[in-house]
Number of protein chains: 2
Amino acid sequence: MKKQTQTLRDIARETGVHVSTVSRALNPSNGALITDDLVDKIKAAAERLGYRPNRLAAGLRTNRTMTVGLMIPDITNTIFPPILRGVESVLEPLGYAVIMVNTDSLASRETLLVDVLRERGVDGIIHAAVLRDDPKIIEVARAGTPVVTVNRKIEAEGIPAVVNDDGLGVRLVLSHLHEQGHRRIAHIAGPENLSTGRFRRKSFEDAVARMGLPLPPEGVIQSARFDEAEGWRCAEQLLDDWNPTAILCANDRLALGAIQFLKDRGIDCPRQISVTGYNDMPYLDRLRPGLTTVRIELFGVGQESARLLVRMMTDPEATAPSEMVLPVTLIKRGSVGPPPAD
Amino acid sequence: MKKQTQTLRDIARETGVHVSTVSRALNPSNGALITDDLVDKIKAAAERLGYRPNRLAAGLRTNRTMTVGLMIPDITNTIFPPILRGVESVLEPLGYAVIMVNTDSLASRETLLVDVLRERGVDGIIHAAVLRDDPKIIEVARAGTPVVTVNRKIEAEGIPAVVNDDGLGVRLVLSHLHEQGHRRIAHIAGPENLSTGRFRRKSFEDAVARMGLPLPPEGVIQSARFDEAEGWRCAEQLLDDWNPTAILCANDRLALGAIQFLKDRGIDCPRQISVTGYNDMPYLDRLRPGLTTVRIELFGVGQESARLLVRMMTDPEATAPSEMVLPVTLIKRGSVGPPPAD
DNA sequence: AGAATTGACGCAAACGATTGCAAGACAATC
DNA sequence: GATTGTCTTGCAATCGTTTGCGTCAATTCT
C-alpha cells in the first residue's frame with residue numbers, strides 16, 4: 001500500500017537530490033536558482049508521487065499558515081453567508097483557507113474563539129462581530145496580527161474597517177418616508193450593545209433633527225435582540241405610547257415582527273402605518289406587503305475586507321486605509337405608502 | 001515589549017524544569033506522572049505568561065490538528081447554516097475548529113478543496129456536498145482520513161452517512177395530496193447529478209406507482225438547478241404537456257418558482273393547482289400562500305454527523321454505523337387544497 | 001594560465017511540541 | 001547493607017519545511 005502522504009524527502013530520494021533543493025525547486029519565490037531541467041524533473045516526481053506540501057510544517061518554520069480566521073456572530077443570520085462567500089472569493093484563489101467561528105455576540109465566546117484561531121496560527125483575522133466593546137481583538141491586533149473589522153469601527157485603534165454607509169441608508173429611508181408625506185416617524189432601534197444598532201439609532205436621531213421632525217422620547221424604542229419577537233414587542237410599545245405614521249426599523253427582522261404586530265391588531269400596512277427594514281434579506285420581495293428596505297453590499301464587504309487583509313498580511317509595513325465605506329441603495333416595496341388622510 | 005507568543009521553553013525556563021516536564025504537566029492525558037505541586041506551579045506559570053499551545057507544532061508531531069474540514073455546496077443556501085451550527089455545537093466544546101469550504105457543486109472545486117483541507121492536516125472531513133460522483137473523497141477516505149457524508153450515501157464504500165428520511169418525506173407529501181383528493185400529481189425533480197434530486201425523484205416515482213396513480217412521462221420534469229428560475233421554467237413545461245392538479249417539487253426554491261409561474265399565468269394556487277416544496281426554508285410561513293413542505297432536521301444532521309466523526313477520529317477501530325437516518329415532518333400550509341371540482 | 005567571480009546545490013540548524021527511553025532519587029524488601 | 005522496585009524528571013530524537021551559509025565546479029577576467 002502507498003504511504004500515507006509523500007514528503008519532500010521522498011521526492012529527494014526519488015530524484016537523487018537534497019530536500020532543500022526540492023523545496024527550492026517547488027517554491028521559485030524564494031529566489032534560489034535551480035537549473036531548469038532539474039526543476040522539471042523534481043516537479044515531475046512531485047506530480048507522480050502525488051506530493052502535497054505539509055502546511056503545518058511549513059507554517060511552523062515560516063510563521064505563515066495561509067489560513068485566516070473569520071469571526072461572525074451567527075452564520076444563520078442571512079446577511080453573513082454572502083459576506084463569507086465574498087471573503088472566500090478573494091482568499092481561496094490566493095491559497096488561503098478560512099476558519100470560521102460564530103461568536104453569538106457573546107464577549108466570552110469572542111475571547112475564547114480568538115484563542116482558537118491564534119493557536120492555529122492564522123495569518124490574519126476578519127472580524128465581523130458586532131459587539132461594541134471587544135477586549136481581546138484589540139490586544140491581538142496590537143500584538144501584530146493583521147485584523148480588519150467589518151461593519152463596525154473600533155474607535156481610535158488603527159484597525160481598518162470596512163463598513164456600509166449606514167448613515168446614508170438611514171437618510172435615504174427617511175427622505176423617502178418624508179416625501180410620501182410622513183411627519184411622525186418612529187424608530188425601533190437595534191440592541192444597544194451592538195455597533196450597528198447603536199450607529200443606526202444615532203443616524204436616525206441626527207437626521208430627524210436636521211429635518212426638523214418631531215421626535216418625543218417615546219418615538220424610539222430600544223430592542224433587546226435583532227429578531228421578530230422583539231419587533232413585535234417594540235411595535236406594540238410604540239403604538240401604546242405614540243401615534244407614528246411610519247416606523248423605521250433597524251433591520252428587516254424587527255420590521256417583519258412589527259408588520260406582524262400590525263397585522264395581528266388589524267392595522268393595515270402601509271395604508272395606516274408604513275414600515276421599513278434594513279439589510280434587504282433574501283425573499284423579502286415575495287412577502288405581502290413587500291418590505292421597503294436598504295440593500296447593503298454583502299459580497300462586496302466580504303471581498304473588500306479580504307483584499308485589505310491580504311495587503312496587511314503580505315506587506316506589514318503598508319499603511320492600510322483606516323476605513324472603507326461601501327454604498328447602499330434604497331429598495332422601495334409595498335410596505336411604504338402615504339400616511340392616512342386623517 | 002512582551003514576546004509575541006510564549007512557548008513551552010519559556011515556561012520551562014521560568015519554572016526551572018525541562019520542557020518535556022512542562023508538556024506532561026499541561027497534558028495529563030498522556031499518562032505521565034508529575035507531582036501535584038509541580039503541576040500547579042507549571043500551570044500557574046503558564047497562566048501568568050499567557051501561554052497558548054502552538055497546535056501547528058503539536059500537530060506536526062502527533063498528526064492531530066484538532067481541526068476538521070466541512071465541505072458544503074454553498075453556504076448561501078439556507079439549509080447549510082443550521083447544519084454548520086449543528087456541527088460546530090458538538091465540535092467546538094471538544095476543542096475542534098472547523099475549516100469550511102464551498103464546492104459550488106463542482107467536481108473540479110471539490111478535488112481542489114479536498115487538498116486544501118488535507119494540506120492543513122484536518123483530522124476528519126464532513127462531506128455535505130451533494131455531487132453524485134465524487135472521485136477524490138473516496139480516495140481520501142480509503143487513505144485513512146475519517147469521512148462522514150451528510151444527505152447522501154456513497155454506495156458501497158463504507159463511508160458512514162447521515163441522512164434525512166427523504167423517502168418518508170416524499171410519501172408524507174404524497175399521502176397528504178392524495179387525501180385532499182389529488183390524483184394527477186406531477187413532480188419537478190432536482191438536478192440529476194445531485195444525489196438529493198435523484199433520490200427524491202425515485203422516491204416519488206416508487207410511491208406514485210405503489211399508490212396506483214397515473215404518471216405519464218410528461219408528469220416528471222427534470223430541472224437543471226435547484227433555483228426559482230428553473231421552478232418557473234419546469235412549471236411552464238409541465239402545464240404545456242399535462243394537466244396535473246398538484247405539483248410536488250424537489251425543494252422549496254423550485255416550488256417558489258412554480259408558484260410564481262402560476263401567479264404570472266393567473267392560475268390560483270391552491271384553488272386550481274396545489275404546490276409543495278421540500279426543506280422548509282426560513283420565512284416560508286410568511287409568504288402567500290404559505291408553502292406546504294417537508295421540514296428536515298438540519299441542526300440535528302450537523303450534530304449527528306459531527307458526533308459520528310468524533311467517534312471515528314478518536315477511535316479508528318470502532319465500527320461506525322454505516323447510515324443514520326433522521327426523521328422528517330410534513331408542514332401543512334396554504335399552498336395545498338383540494339383539487340378543483342372540474 | 002592562474003585568480004576571481006558566479007552559479008547550483010548540499011549541509012544543518014531551526015520552528016515548538018511530543019514521547020520512548022534513560023537516569024536519578026528514594027523507599028521497600030530480603 | 002545490598003538489591004530490587006517504584007516515581008519522577010531529564011535527554012534527545014522526531015514530525016516536514018525553510019533558509020543562511022558553505023562548498024565545489026564552471027565560467028570569466030586579467
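Computed over heavy atoms, backbone and side chain alike; hydrogens, waters and symmetry mates excluded. Throughout, protein chains are lettered first and strands after them, A, B, ... in sequence-line order, and every chain is numbered starting at 1.
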Next item on the list: Give the rounded distance in Å between these two atoms: CZ of B:Arg55 and P of D:dG16.
Entry: 20 Å

Check: For the side chain of B:Arg9, counting heavy atoms from C-beta on, which of D:dT8, C:dC15, C:dG10 is nearest?
Finding: C:dC15

Checklist line | B:Leu113 and its side chain to side chain contact (heavy atoms under 4.5 Å, CB included) partner, picked from B:Leu106, B:Ile125, B:Val101 | finding: B:Val101

Notebook entry, point to check: How long is the line joining CZ of B:Arg64 and P of D:dG16, in whole Å?
Noted result: 17 Å

Note to self: Please report the distance, rounded to the nearest Å, between CG in A:Leu8 and P in D:dC15.
What the structure shows: 13 Å

Margin query: Please pick, from C:dC15, D:dT9, C:dG10, the nucleotide with the shortest atom-to-atom distance to any side-chain atom of A:His18.
Written below: C:dG10

Note to self: Checking A:Glu119 against B:Asn54: is there a side-chain donor and acceptor pair closer than 3.5 Å?
What the structure shows: no

Notebook entry, point to check: Can you tell me if NZ on A:Lys41 sees more than 12 non-hydrogen neighbours from other groups inside 6.0 Å?
Noted result: no

Notebook entry, point to check: If you count the non-hydrogen atoms of other residues, nucleotides and ligands that lie under 6.0 Å from CZ in A:Arg9, is the total more than 12?
Noted result: no

Next item on the list: Mind checking B:Leu56 for me? I need base, sugar-phosphate or nothing, with any heavy atom below 4.0 Å counting as a touch.
Entry: nothing

Margin query: If you only use heavy atoms from C-beta on, which nucleotide in D:dT17, D:dA12, C:dC9 is closest to the side chain of A:Ala58?
Written below: D:dT17

Margin query: From CD of B:Glu119 over to P of D:dG16, roughly how many Å is that when rounded to an integer?
Written below: 15 Å

Item checked: Closest nucleotide among D:dT17, C:dT19, C:dC9 to the A:Ala57 side chain -> D:dT17

Notebook entry, point to check: Of B:Asn63 and B:Gly16, whose nearest nucleotide on DNA chain D comes first from the 5' end?
Noted result: B:Gly16

Check: Rounded to whole angstrom units, what separation is found between the CG atom of B:Asp36 and the P atom of D:dT9?
Finding: 10 Å

Notebook entry, point to check: At what distance, to the nearest 0.5 angstrom, does OH of A:Tyr96 lie from OG1 of A:Thr65?
Noted result: 8.5 Å

Item checked: Nearest-nucleotide pick for A:Asn54, side chain only, options being D:dT9, C:dA17, D:dT17 -> D:dT17

Item checked: Between D:dT17 (P) and A:Arg13 (CZ): distance, integer Å -> 12 Å

Checklist line | Candidates D:dT17, C:dG10, C:dG16 - which lies nearest the side chain of A:Leu60 | finding: C:dG16

Item checked: Nucleotide nearest A:Thr35 (side chain, heavy atoms from C-beta), chosen from D:dT9, C:dC9, C:dA17 -> C:dC9

Next item on the list: Record whether the side chain of A:Arg24 comes under 3.5 Å of the base of C:dG10 through a donor-acceptor pair of N or O atoms.
Entry: yes

Note to self: From C-beta outward on A:Val17, which listed nucleotide comes closest to its side chain: C:dC21, C:dG10, D:dA12?
What the structure shows: C:dG10

Item checked: C:dG16 phosphate, OP1 or OP2, under 4.0 Å from B:Tyr51 side-chain N/O -> no

Check: When the distance from CG of A:Asn27 to C1' of D:dG16 is rounded to whole Å, what number comes out?
Finding: 13 Å

Checklist line | From CA spacing to verdict: side-chain hydrogen bond (donor to acceptor under 3.5 Å, both in side chains), A:Asn164, A:Glu297 | finding: CA-CA 7 Å; A:Asn164 284 108; A:Glu297 200 87 35; 5.7 Å; no

Next item on the list: Look at the side chain of A:Ser20 against the base of C:dC11 and say whether a donor-acceptor pair falls under 3.5 Å; ignore hydrogens and angles.
Entry: yes

Checklist line | Distance test, side-chain N/O of A:Ser23 to OP1/OP2 of D:dT17, below 4.0 Å | finding: no

Check: Separation of B:Ile34 atom CD1 from C:dA25 atom P, in whole Å?
Finding: 17 Å

